[in-house]
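Shown next, in structure tokens, is the structure this report addresses.
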Amino acid sequence: MGGTAEGPDADSISPLPGNPPPRENPPPRGAAPATPRGRRPVVAALMLAMALTALDSTIISTAVPQIVGDLGGFSVFSWLFSGYLLAVTVTLPVYGKLSDTFGRKPVLVAGTIVFLIGSLLCAGAWNMASLIAFRIVQGLGGGALQGTIQVVAADLYPLKERPKIQARLSSVWALSAVTGPALGGVLAGYADWRWIFLINLPIGALALTLIVRHLHEPVRRRATRPRIDWAGALTIFACGGLLLTALVQGGVAWGWRSAPSLALLTASAGCAALTVWIERRAAEPIIPGWVWRRRTISAVNLALGALGLLMIAPTVFLPTYAQSVLGLGPIPAGFVLSVMTLSWPISAALSSRVYNRVGFRNCSMIGIGAAALILAAFPLLPYPGAAWQPALIMLLLGAALGLFQLPLIVGVQSSVDWAERGTATASILFCRQVGQSIGAALFGAVANATLASRLAAAPSGIRDGLPGDLDSVSHALDRPGALSAGAADYLRRAVDNAVDHVYLGAASAAVLALLALLFLAPRRFPVRAEAGSGTEAESAADPLTANPTRET
């Protein structure tokens with residue numbers, strides 16, 4: 001692919017629309033590691049850094065009781081997760097632009113150092129407020145790691161080899177996400193919860209050493225001194241922070257129609273308008289206009305935003321379904337979800353065989369179309385059913401989403417040149433993160449509305465004393481003898497009904513992603529011609545001349 005694109009219409013050549021005028025010379029040919037031997041230490045560093053960010057998003061979940069027991073602050077402990085998510089999400093576009101301006105290595109090194117400083121501070125926290133603040137510091141480093149890892153992987157490998165490295169990174173993420181809660185529980189139960197953060201230090205130090213010693217980037221000569229769009233970065237921080245706070249806390253800390261929700265949403269809309277105004281006038285904007293003007297990137301942004309939304313159904317609601325409806329313990333319930341992480345990387349690694357034949361867009365449409373059907377099949381499962389049935393659904397869903405996500409990421413990274421890849425990658429990751437936040441708020445409201453309707457219609461003999469929301473229902477079902485047999489069965493059916501509605505909503509999100517690709521994405525993604533072997537794909541093209549592209 002790329003310079004020797006395979007598949008239909010491989011010989012068609014078209015310019016990449018919407019390219020901004022070049023401002024710098026590209027890296028010289030062959031400056032990146034050219035052989036697998038030269039890349040191995042860097043790949044090891046990327047996998048370690050990926051493990052850090054994946055572990056940190058889940059490892060703390062099972063240690064919350066010990067943390068609250070030691071530090072207090074039960075009413076605000078959810079900000080241990082929300083604060084980290086906010087910091088990661090709002091910094092992704094900024095780090096993407098910085099990696100295009102100053103190179104990947106400085107951003108990756110700085111992000112790793114900030115993440116490790118945050119980890120050390122978290123381990124020394126003296127109350128819940130300090131721990132939340134230090135988790136935000138961790139997130140500031142995690143945003144640099146999450147986006148830049150993907151970009152460095154694309155820089156190191158030519159188009160045909162990118163599915164392999166992306167599958168490896170996906171496998172690390174999946175394994176870390178699955179083992180994180182168990183590891184957190186072990187450390188909190190048999191050592192001390194502070195080791196959850198201290199364990200990051202040796203892993204991060206090793207990754208940092210490998211990056212510093214083995215990641216060599218070419219010297220980039222710029223005609224003008226780079227200018228950082230500080231005003232744009234500040235408004236992006238403010239806009240993302242206000243919006244995500246409204247989505248995370250709405251319906252939890254306050255009602256959706258309450259003054260805090262309305263104020264936050266109004267302020268985020270105002271910041272969004274201010275951001276657009278600033279970015280249109282900035283010399284080197286954090287989020288340049290071409291991110292949304294190019295059909296390829298804008299369509300993928302929308303599609304991966306829908307992916308983030310639909311992923312809330314399995315990751316948040318399936319464990320509740322497995323424990324409350326199927327009666328499984330926490331470990332078997334986790335296994336029902338984890339089977340998706342087995343098929344996803346395998347499907348992603350094999351996706352190149354599909355998109356080499358039918359193209360990036362068609363391969364992704366096949367994947368998300370299959371995902372929509374699989375998600376819509378979940379409500380057809382029998383009640384109460386057996387554990388293998390939802391596990392099979394998740395196995396198939398992972399295989400479908402592997403065909404969907406990876407071709408879009410690789411396609412976008414291959415449609416831009418080196419100096420735009422960080423910004424483009426960060427934009428799609430940012431949209432996916434925002435989609436997750438919207439999905440958590442939206443599907444939480446759907447589940448609780450369904451439960452409220454079912455509980456209001458409960459027979460009078462069991463209505464008194466029934467819990468009122470999904471969390472309370474789950475806790476009540478976890479306590480044997482707390483409910484009568486009739487009340488317990490009614491609640492299980494109510495949870496089953498609520499999760500069914502969430503999965504139908506997730507299927508609708510998959511349909512939205514399919515429509516975005518069908519009507520907005522070009523039939524063939526423009527792919528930058530590759531030069532050289534095994535090195536940076538686009539670096540050989542002269543930006544002062546027309547850079548040839550092929551379509552896939």
Side-chain angles (χ1 to χ4, degrees), residues 17-18 20-21 82-83 85-98 100-101 136 139-140 143 147 226-251 253-306 308-309 412 420 422-442 445 509 512-513 515-516 519-520:
S82 302
L85 174 66
L86 283 169
V88 169
T89 303
V90 300
T91 55
L92 276 170
V94 178
Y95 286 127
K97 178 62 177 180
L98 291 178
D100 284 341
T101 304
I136 293 174
L140 295 176
R227 287 182 286 180
I228 301 176
D229 179 19
W230 294 113
L234 181 61
T235 55
I236 290 169
F237 283 151
C239 179
L242 291 168
L243 175 61
L244 293 178
T245 301
L247 294 174
V248 169
Q249 296 298 104
W254 48 69
W256 283 108
R257 298 181 181 179
S258 65
S261 284
L262 295 177
L264 286 169
L265 291 173
T266 302
S268 65
C271 278
L274 180 60
T275 300
V276 172
W277 185 83
I278 291 174
E279 295 298 87
R280 292 184 65 180
R281 287 159 176 77
E284 297 188 21
I286 297 293
I287 303 180
W290 55 262
V291 168
W292 292 104
R293 286 196 300 269
R294 298 184 193 176
R295 291 177 56 197
T296 301
I297 302 175
S298 60
V300 171
N301 283 343
L302 295 174
L304 287 189
L309 194 151
V412 166
E420 298 171 340
T423 299
T425 302
S427 74
I428 59 180
L429 296 179
F430 174 78
C431 289
R432 189 180 65 185
Q433 292 282 95
V434 172
Q436 288 179 340
S437 300
I438 294 174
L442 176 62
L512 291 177
L515 294 176
F519 293 107
L520 299 179

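Index from 1, following the sequence. Since we're looking at a predicted model, the values are computed, not measured.
For A233, the side-chain contact (heavy atoms from CB on, under 4.5 Å) partners are V94, I286, not counting sequence neighbours. Residues satisfying the side-chain contact (heavy atoms from CB on, under 4.5 Å) criterion with L512, sequence neighbours excluded, are absent altogether. Every residue was checked against the side-chain contact (heavy atoms from CB on, under 4.5 Å) condition with A269, not counting sequence neighbours, and none meets it. With sequence neighbours excluded, the residues forming a side-chain contact (heavy atoms from CB on, under 4.5 Å) with A303 are F404, L408, A513, L517, listed by chain and number. Applying the side-chain hydrogen bond (donor to acceptor under 3.5 Å, both in side chains) test to S298 and every residue at least two apart in sequence or in another chain returns nothing. The side-chain hydrogen bond (donor to acceptor under 3.5 Å, both in side chains) test applied to T423 returns D100, not counting sequence neighbours.
Considering all non-hydrogen atoms of both residues, P285 and K97 come closest at O-CE, 3.3 Å. Residues A246 and L265 approach most closely at CB-CD2, 3.8 Å, considering heavy atoms. In this structure, I297 and A424 approach most closely via the heavy-atom pair CD1-CB, 4.2 Å. Smallest separation of non-hydrogen atoms from S268 and C239: O-SG, 3.5 Å. Between I278 and G232, the closest heavy-atom pair is CG2-N, 3.8 Å. For the residue pair A516 and L302, the shortest heavy atom distance occurs at CB-CB, 4.2 Å.
With a 4.5 Å cut-off on side-chain heavy atoms, T89 and V434 count as touching. N301 has its side chain within reach of W292: a pair of non-hydrogen atoms, C-beta onward, lies under 4.5 Å apart. For the pair W290/R293, a side-chain contact is recorded, criterion being any heavy-atom separation below 4.5 Å from C-beta on.
Separation of atoms CG (L140) and CG (L86) is listed at 10.5 Å; rounding is to 0.5 Å. Once rounded to the nearest 0.5 Å, the distance linking CG of L92 with CD1 of I236 reads 11.0 Å. Rounded to the nearest 0.5 Å, atoms CG (L234) and CG (L274) are 9.0 Å apart.
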Do L429 and Q433 pass the side chain to side chain contact (heavy atoms under 4.5 Å, CB included) test, and can you show the C-alpha distance, the side-chain angles, and the key distance before you say yes or no?
CA-CA 6 Å; L429 296 179; Q433 292 282 95; 5.5 Å; no
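Formation of a donor-acceptor pair under 3.5 Å by the R432 side chain with backbone atoms of G308 is not found in this model. The backbone N or O of G422 lies less than 3.5 Å from no partner atom in the side chain of Y95, so there is not a single donor-acceptor pair.
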